[in-house]
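Values reported hereafter were calculated over all heavy atoms of this structure, with side chains retained and with hydrogens, waters and symmetry mates removed. Chain identifiers are assigned alphabetically (A, B, ...) following the order of the sequence lines, protein sequences preceding nucleic acid strands; residue numbering begins at 1 within each chain. Just so it is clear, the model here is predicted, and its values are computed rather than measured.
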Protein chains: 2
Amino acid sequence: MIVSTKGRYALRVMVSFAQRGGEEYIPLKEIAEAEGISQKYLESIMTTLSKAGFVDAVHGKGGGYRLNRKPEEYTVGSILKLTEGGLTAVSCTSQGASACSRAECCNALPMWEKLDKMINDFFEGITIADLLKESK
Amino acid sequence: MIVSTKGRYALRVMVSFAQRGGEEYIPLKEIAEAEGISQKYLESIMTTLSKAGFVDAVHGKGGGYRLNRKPEEYTVGSILKLTEGGLTAVSCTSQGASACSRAECCNALPMWEKLDKMINDFFEGITIADLLKESK
DNA sequence: TCATTACCCATGGAATTACTAGGTAAAACC
DNA sequence: GGTTTTACCTAGTAATTCCATGGGTAATGA
């Protein structure tokens, strides 16, 4: 599976923030409950999003998280790449695993690279605003 | 990751058989050594391919495996679906996990379905004969 | 000062992946 | 008929990843 719960939760939360629209900060607890996601688990995801500058975070009462940009300025690809640490369909083409000794003669490699590009383009072509439109 | 070593090995082995062309049966041991794959591990993969009728198997001396059809009659998709047990990018859309309580209101679901279709079409459009052409 | 919030670090159970080990059954050769 | 060569079957296992959980620290506002 190419996208785990981590990435899917991140997307859901981003859509959830977009749905609420406003400038106000929403505490983690509220989002976790609304979305039915483990609060502690979501914490680590929010920290990732926050460090990358995808969301703004404020401590203390009245604090929480909020979006940094407009929903149409977040691509699904950027969020998944961040939370999943990449989007490659096979380990052959992931950067860490540059160790495939057969890379030079592998006759499947061009296929994997083409697939990766296709998936990447697909996700880069969808924004949080697009996902929001799907909701009823 | 969407495709594990199991599926990748299966593809390599099928290409390897196609490369040798002939009608003769090739023992597992020979293929495993030529491809540098664990013999025992490859065994389980070959059994899967054999049961599905992708390859012919013959016991005893002079036996082994060989392709059942022409290389251009095997799509990459059919091999991966068999060995990987499906090709879905997220668990949401896999058949076993029909349990997502949010399926009805999930605003990401159409995206996952579209992605699955795209990946499926991609792999169904490539055959073992195509992969063979890539080799130098 | 205290409640409320985000942040940080370590741990753990469950599942999956990639093998490994050891035996059984069938076919060919002597 | 016995031996070798092959495929087939069942089980186990080490390592990794996934999906959290637990407990504490730091910042902010009332």
(request) Whole angstrom is fine here: how far is it from CD1 in A:I45 over to C1' in D:dC19? (result) 9 Å
(request) Between C:dC7, D:dT6, C:dA18, spot the one nearest the side chain of B:T5, thanks. (result) C:dA18
(request) Can you tell me the distance, in whole Å, between the CE atom of A:M46 and the C1' atom of C:dT5? (result) 13 Å
(request) Apply the test salt bridge (charged side-chain N to carboxylate O under 4.0 Å, His left out) to residues A:R20 and A:E30: give CA-CA distance (whole Å), side-chain angles for both, the deciding distance (0.1 Å), then the verdict. (result) CA-CA 12 Å; A:R20 290 158 186 257; A:E30 197 181 319; 2.8 Å; yes
(request) Name the residue closer to the 5' end of DNA chain C, choosing between B:S44 and B:K40 according to the nucleotide with the nearest heavy atom. (result) B:S44
(request) Could you tell me whether a side-chain N or O of B:R69 sits under 3.5 Å from a main-chain N or O of B:F54, the two making a donor and an acceptor? (result) no
(request) Assign B:Y65 to base, sugar-phosphate, or nothing according to its heavy-atom contacts below 4.0 angstrom with the strands shown. (result) sugar-phosphate
(message) Taking the nucleotide of DNA chain D with the nearest heavy atom to each, does A:E84 or A:V58 sit closer to the 5' end?
(response) A:E84
(message) Quick check: on DNA chain C, is the nucleotide nearest A:G62 upstream (toward 5') of the one nearest A:K51, or the reverse? Name the residue that is more 5'.
(response) A:G62
(message) Check the phosphate of D:dC18 against A:S4, side-chain N and O only, distance under 4.0 Å to OP1 or OP2. Yes or no?
(response) no
(request) Round to a whole Å and report the spacing from CD1 of A:I31 to C1' of C:dT5. (result) 14 Å
(message) Testing the 3.5 Å rule here: is there a donor-acceptor pair between the side chains of A:K133 and B:N107?
(response) no
(request) Round to a whole Å and report the spacing from CD of B:E24 to P of D:dT6. (result) 12 Å
(request) Ignoring the backbone of B:T47, work out which of D:dC9, D:dT6, C:dA6 is nearest its side chain. (result) D:dC9
(message) Tell me the interatomic distance from B:Y9, atom OH, to C:dT17, atom P, rounded to whole angstroms.
(response) 14 Å
(message) Nearest to the side chain of A:L28, heavy atoms from C-beta on, is which of C:dA18, D:dA7, C:dA6?
(response) C:dA6
(message) Can you tell me if B:S50 touches the phosphate of D:dC8, counting only side-chain N or O atoms and a distance under 4.0 Å to OP1 or OP2?
(response) yes
(message) With a 3.5 Å distance limit and no angle check, can you tell me whether A:Y65 reaches the backbone of A:S50 through a side-chain donor-acceptor pair?
(response) no
(message) Heavy atoms from C-beta onward define the side chain here; which of D:dT21, C:dT20, C:dA28 lies closest to that of B:S38?
(response) C:dT20
(request) Go through the N and O atoms of the side chain of B:E43 and the base of D:dC9, and report whether any donor-acceptor pair is under 3.5 Å. (result) yes
(message) Please check: side-chain N/O of A:E124 versus main-chain N/O of A:T75, any donor-acceptor pairing under 3.5 Å?
(response) no
(message) Rounding to an integer number of Å, can you tell me how far B:K61 NZ sits from C:dA28 P?
(response) 13 Å
(message) Rounding to an integer number of Å, can you tell me how far B:Q39 CD sits from C:dA21 C1'?
(response) 13 Å
(message) If I take atom CG in residue B:L42 and atom P in nucleotide D:dC8, what distance separates them, rounded to the nearest angstrom?
(response) 12 Å
(request) Could you check A:R8 against B:G60 and say which one's nearest nucleotide on DNA chain D is further toward the 5' end? (result) B:G60
